[in-house]
Protein chains: 2
Amino acid sequence: METYKIDEVSKVTGLTKRTIRYYEELGLLMSTQRTEGGMRLYTQEHIERLKQIVSARDVLGFSLQEILDFVQLRETFEGHRTSIQNTEDAEVKRHYLQEVERGLAQQLQMIDQKMETMAQFRREREQLHHRIKEAIQNTLT
Amino acid sequence: METYKIDEVSKVTGLTKRTIRYYEELGLLMSTQRTEGGMRLYTQEHIERLKQIVSARDVLGFSLQEILDFVQLRETFEGHRTSIQNTEDAEVKRHYLQEVERGLAQQLQMIDQKMETMAQFRREREQLHHRIKEAIQNTLT
DNA sequence: CCAAAAGTTAACGTTGACGTAAACGTTGGT
DNA sequence: ACCAACGTTTACGTCAACGTTAACTTTTGG
C-alpha cells in the first residue's frame with residue numbers, strides 16, 4: 001500500500017508536523033507503521049482522518065477532547081467487528097452495540113442543535129445585511 | 001429601565017462573573033451604567049448580547065477575536081446612524097456603507113461554508129448510525 | 001447601625017493546543 | 001562513505017480564555 005512521510009502529510013492537510021504527532025499522542029490519530037529506523041509512514045486513511053479532525057475542530061468548533069469521543073466511538077465499532085464479532089454471546093453483543101447506537105444518536109442530536117443555532121445566527125446577519133443594502137440605496141436617491 | 005446586577009446576569013447567561021467582566025474588558029460587551037459606588041448595572045440588551053456571544057463561541061466555534069470583529073461591524077453600523085447620518089458628504093457615506101456591506105457579505109459566505117461542512121459531517125455520522133442499527137437488527141435474527 | 005453578602009480592581013495561576021529549540025538518528029543521492 | 005535534508009524524542013515556551021486569590025469597598029437585611 002502507498003505510504004507517505006510526515007512532511008507530505010503536513011503539506012496536504014495543512015497541519016504542522018508537530019500537530020500531527022500531537023494528535024497521535026492524544027489518541028486522535030491511530031499510530032502508523034514505522035520504518036526500520038523509526039520513521040512514521042502514513043496511509044491515505046490517516047490523511048482522510050486528519051482532514052475530518054480539522055473539519056470538526058475548525059468548522060464545528062469541537063475541542064480535541066470532544067473529537068476524541070467521536071473517534072473512539074467509531075473505533076469501538078470498527079474494532080468490534082473483528083474482536084467481538086465472533087463472540088457466542090449475542091446478548092452481550094447486542095447490548096454493546098446499543099451503547100454505541102445511543103452515543104451516535106446523541107451526537108446527531110447535538111449536531112442538529114448546532115445547525116439550528118447556526119441557521120438562526122445566519123438569519124440575524126442576513127437581516128443586518130439587508131438593512132445595510134437598503135441604506136446604500138438611500139444614498140443614491 | 002430595568003437593570004440587573006452582575007450576579008443575576010451570571011445566573012441567566014450561565015457565564016461566571018469573571019467572564020462577564022472579561023468580555024467587557026475585551027470590548028465584546030458594551031460598558032454598563034454604574035451605581036454611585038461603582039457597581040455595574042446591566043440591561044436586558046446586555047443579556048441578549050451575552051447570549052449571542054455564547055452561541056457564537058460554543059456553537060459556531062468562533063474565537064473571541066472573531067466575535068469581536070462581528071460585534072464591531074454591527075456597532076460600526078449602528079453608530080453610523082447617529083454620527084455619520086447627518087454628514088453632508090453622501091460620497092463618504094456611501095463608501096463607508098459599502099465597506100460594511102462587503103464585510104457582511106464575507107461573513108455570510110463564511111457561515112454558509114461552515115454549514116456546508118457541517119452538513120457533510122452530519123451525513124457521515126448518520127451513515128455510521130445507519131450501519132450500527134443494521135448490525136443491531138442482525139443480532140436479533 | 002452593623003455584620004454578612006455581593007461588588008470592585010489587580011495580579012498571579014491554570015489548561016488546552018500547539019510552537020520552538022536542542023540533541024540526536026535516518027535516508028538517499030553523489 | 002559522506003553529508004544535507006528530513007525524521008525522532010524530550011522538554012521547555014507561548015497564547016487565549018478564563019479561574020482563583022487577595023485586599024478592599026459598597027450594598028443590604030435584621
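Just so we're on the same page: letters track the sequence lines, and every chain starts at 1. We use all heavy atoms of the structure for the numbers below, so side chains are in, but hydrogens, waters and symmetry mates are not. Everything numeric here is computed off the predicted structure, so don't read it as measured data.
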Whether the side chain of [X] engages the backbone of [Y] through a donor-acceptor N/O pair (distance < 3.5 Å, no angle test) should be reported.
| X | Y | value |
| --- | --- | --- |
| B:His95 | B:Val92 | no |
| A:Lys114 | B:Asp58 | yes |
| B:Glu66 | B:Ser63 | yes |

Handout entry: End axis versus end axis in the helix from C:dC1-D:dG30 to C:dT30-D:dA1, the angle rounded to 10°, five pairs used at each terminus
Key =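 Its terminal axes enclose an angle near 10°.
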Practice task
Quick one: sort the B:Phe121 and A:Phe62 rings into parallel, tilted or perpendicular, breaks at 30° and 60°.
Solution key: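 Perpendicular, since the angle between the ring planes exceeds 60°.
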Handout entry: Under-4.0 Å side-chain N/O to phosphate OP1/OP2 contact, B:Tyr22 with D:dG19
Key =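 Checking B:Tyr22 against D:dG19: no side-chain N or O falls below 4.0 Å of OP1 or OP2.
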Handout entry: Any B:Lys5 side-chain nitrogen or oxygen under 4.0 Å from OP1 or OP2 of D:dT28
Key =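 For D:dT28, OP1/OP2 do have a side-chain N/O of B:Lys5 under 4.0 Å.
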Do [X] and [Y] have side-chain heavy atoms sitting under 4.5 Å apart?
| X | Y | result |
| --- | --- | --- |
| B:Met30 | B:Glu45 | yes |
| A:Arg125 | B:Leu104 | yes |
| B:Leu28 | B:Tyr22 | no |
| B:Arg40 | B:Gln33 | no |
| A:Met118 | B:Met118 | yes |
| A:Thr117 | A:Gln113 | yes |

Exercise for the section: Answer yes when A:Arg94 and A:Glu101 have at least one side-chain N-carboxylate O distance shorter than 4.0 Å, and no when they do not. Expected result: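 No, no charged N to carboxylate O under 4.0 Å.
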Practice task
Output the residues of residues 39-62 of chain A in contact with DNA chain C, where contact means a heavy atom of the residue under 4.0 Å from an atom of the strand; sort by number or write none.
Solution key: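 A:Met39, A:Arg57 - these, ordered by number, are the residues of the stretch whose heavy atoms sit under 4.0 Å from the strand.
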Problem - Sorted by number, the residues of residues 24-35 of chain B with heavy-atom contact under 4.0 Å to DNA chain C - result: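 Close to the strand are B:Arg34.
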When you compare the side chains of [X] and [Y], does any donor N or O come within less than 3.5 Å of an acceptor on the partner?
| X | Y | result |
| --- | --- | --- |
| B:Gln52 | B:Glu48 | no |
| A:Gln107 | B:Arg122 | no |
| A:Tyr23 | A:Arg57 | yes |

In whole Å, what is the span from the [atom1] atom of [X] to the [atom2] atom of [N]?
| X | N | atom1 | atom2 | value |
| --- | --- | --- | --- | --- |
| A:Ile20 | D:dG7 | CD1 | C1' | 13 Å |
| A:Arg18 | D:dG13 | CZ | C1' | 11 Å |
| B:Ile67 | D:dA16 | CD1 | P | 15 Å |

Problem - Closest-nucleotide ordering on DNA chain D, the 5'-leading residue of A:Glu8 and B:Gly38 - result: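 The residue mapped nearer the 5' terminus is A:Glu8.
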Practice task
Would you please name every residue forming a side-chain contact (heavy atoms from CB on, under 4.5 Å) with A:Val9, sequence neighbours left out?
Solution key: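 If we apply the side-chain contact (heavy atoms from CB on, under 4.5 Å) test to A:Val9, skipping adjacent residues, the hits are A:Tyr4, A:Thr13, A:Ile20, A:Tyr42, A:Ile47, A:Leu50.
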Handout entry: Chi angles and distances behind the side chain to side chain donor-acceptor pair (under 3.5 Å) call for B:Gln120, B:Arg123
Key = CA-CA 5 Å; B:Gln120 177 63 39; B:Arg123 276 193 291 279; 3.0 Å; yes
Handout entry: Outermost nucleotides of DNA chain C that come under 4.0 Å of a non-hydrogen atom of chain A
Key =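 The protein-touched segment is C:dA17 to C:dT27.
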Write down the protein N/O and nucleotide N/O pairs, taken from nucleotides 21-25 of chain D, whose separation is under 3.5 Å; answer none if there are no such pairs.
none

